[in-house]
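These values consider heavy atoms only, across backbone and side chains, with no hydrogens, waters or symmetry-generated copies.
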Amino acid sequence: MSVPTPASSATGARSAAAGAAEPAPRRGLRLLGIGVAVFLLLCLVRVVTGAGPLTSFGTLALTLTAATPIAMAGLGGLWSERAGVVNIGLEGMMILGTLGAGYIGYNYGWVAGVLGAIVFGIVGGALHALATVVFAVDHIVSGVAINIIALGISGFLAEVWFSALPGGGPTQSPPLPAVPRIDVPFVSEPAKALAERGWFVVSDLAGLVEVFTRNLSLLHVVGLLLLPLSFWLLWRTRFGLRLRSVGEAPAAAESLGVDVYRYKVVAVLVSGALAGFGGAMIAMVSSSGFQVGMSSGIGYIGLAAMIFGNWRPTGLLVGALLFGYTQALPFRNGPETVHALLLLVGVLLVVVAVVQVVQRKGRTAVWLGVFAVAFLAWFASTDVVPADFTRMSPYVTTLLVLALASQRLRMPAADGVIYRKGAAG
């Protein structure tokens, strides 16, 4: 980490220009097209293999439940890193969020619990901002410290707060009040009937409709709305333009009158709030109460989703859904369902390898072809995958996706750079 120089700022400006080469609408349409193509391929694999859970209501509902906290962590990372502050402490801020939801939610109701989780997350963000922006501590060191401190504090306070409560214990809170859920029966019932027929694409789409009309948590709705809201704030407002400028070329931003410190601090506080909100989802929607260590690395997976999404809201949502899907599959007839997924992965790798050949990237195409053959051979030679592997699949997917996506990534130019006021000269 170093103080940015005019040369690095110029490099950042050129990188920013390169990143903006593709217009946002075209990029969005490209992502939408890829998503539709992958969904159609998933439907085809479901029909060929007979693995109904691949697109069933249960799997898709679990996917949404798992993906929204990941998306909130990823969105928190996006806010922070767009302002040039690496936030590997998202996991710790999410842990604080689960603790806040557990304590305040139990004592004052679910609304206060959500707000408490956000406040606890902001406290974690404030620590990170104080260390990195004010005292110029290395961003990684600060993030790791917050993760360790948050885990220790949550264990200590859980024992103090919950041990004597009925239904509680030294590592868990009593059951928390339920968050309201949304039901639209005049849509969900016909969709359920259609999904049960097993028709190609039609039944799969009906299952998708059922997810958003049956037993949908209010927090999931709020979480999904935060993604377009963040996009609008960061890419369509003067505030967002200034915030992103301090993450690309802070010296140039300061020379134009932007208060670099203030924007970085605000971004990290918002990052903590979003991670805390994700913690509330884990404690109050994914589970019925707080448990020590219940975030289980979701903050790190959120960071991976953000990187996969190239530091943009649409991309991180796609990454979160992918990771959420791989987390949901082991709970839906895992050995057989994950086995069917091998066919999908193999075919996708073949398609990507062909694209690489067209783009004259021979070495990459060869490696992708080798992996494609390996996955297809694994699928053809077995009937199920080991149960232990199904539990590893989210993490294997994380490594595989990041390896494939690493060639087109462009992080903010000054991300992780320690900036001192007056560097503009």
Side-chain angles (χ1 to χ4, degrees), residues 34-71 74 195-196 198 200-201 203-205 207-208 210-211 282 286-287 295-298 300-302 304-305 308 317-353 367-405:
I34 293 173
V36 170
V38 171
F39 183 74
L40 290 175
L41 184 58
L42 190 62
C43 300
L44 184 61
V45 169
R46 193 262 303 170
V47 173
V48 171
T49 62
L54 278 176
T55 58
S56 69
F57 164 74
T59 301
L60 297 179
L62 277 176
T63 298
L64 185 63
T65 300
T68 40
I70 295 173
E196 290 174 348
F200 175 62
V201 178
S203 294
D204 305 300
L205 285 174
L208 196 59
E210 194 180 355
V211 169
I282 297 172
S286 304
S287 179
S295 61
S296 302
I298 289 176
Y300 299 117
I301 298 178
F308 167 78
L317 175 61
V318 174
L321 289 173
L322 174 63
F323 297 137
Y325 186 69
T326 56
Q327 286 191 341
L329 280 185
F331 297 98
R332 307 294 298 177
N333 201 14
E336 290 80 8
T337 311
V338 175
H339 178 261
L341 198 64
L342 297 177
L343 176 61
L344 175 71
V345 173
V347 173
L348 283 176
L349 287 174
V350 169
V351 172
V352 178
W367 278 110
L368 290 172
V370 170
F371 281 113
V373 170
F375 274 100
L376 292 175
W378 187 1
F379 171 78
S381 60
T382 58
D383 294 324
V384 296
V385 298
D388 291 338
F389 180 81
T390 63
R391 289 190 287 273
M392 290 171 52
S393 56
Y395 309 103
V396 173
T397 304
T398 303
L399 291 174
L400 184 63
V401 165
L402 288 180
L404 291 175

Sequence neighbours left out, cut at 3.5 Å: what donor-acceptor pairs do the side chains of residues 35-43 make with other protein atoms?
none

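Shortest non-hydrogen contact noted between Gly207 and Leu60 is C-CD1, 3.9 Å. Of all heavy-atom pairs between Ala195 and Glu210, the closest is CB-OE1, 4.4 Å. The two residues Ile70 and Gly324 have their closest heavy-atom pair at CD1-N, 4.1 Å. Among all heavy-atom pairs drawn from Ile282 and Ile298, the shortest one is CD1-CD1, 3.7 Å. Contact record, Ala320 with Ala67: O-CB, 3.4 Å, taken as the closest heavy-atom pair.
Summarising the geometry, atom CZ belonging to Phe200 is positioned 10.0 Å from atom OG1 belonging to Thr55; distances are rounded to the nearest 0.5 Å. Rounding to the nearest 0.5 Å places CG of Leu329 at 5.5 Å from CG of Leu341. Distance CG/Leu344 to CZ/Phe375: 10.5 Å, rounded to 0.5 Å. Taking CZ of Phe57 as the reference point, atom CG of Asp204 lies at 15.0 Å (rounded to 0.5 Å).
Inter-residue side-chain proximity for Val345 and Phe371 is flagged as unmet; no heavy-atom pair is nearer than 4.5 Å.
Checked options Leu64, Thr63, Thr59, Leu62; the residue passing with Val211 is Leu64 (criterion: side chain to side chain contact (heavy atoms under 4.5 Å, CB included)).
Checked by atom type and distance alone, the side chain of Arg46 pairs as donor or acceptor with a backbone atom of Gly198 at under 3.5 Å.
Residue-environment remark: OH (Tyr325) exceeds the threshold of 12 foreign heavy atoms within 6.0 Å.
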Leu376/Val350 under side chain to side chain contact (heavy atoms under 4.5 Å, CB included): CA gap, chis, key distance, verdict: CA-CA 10 Å; Leu376 292 175; Val350 169; 4.3 Å; yes
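For Thr49, the side-chain contact (heavy atoms from CB on, under 4.5 Å) partners two or more places apart in sequence, or in a different chain, are Val45, Ala51, Leu54, Ala340, Leu343, Phe379.
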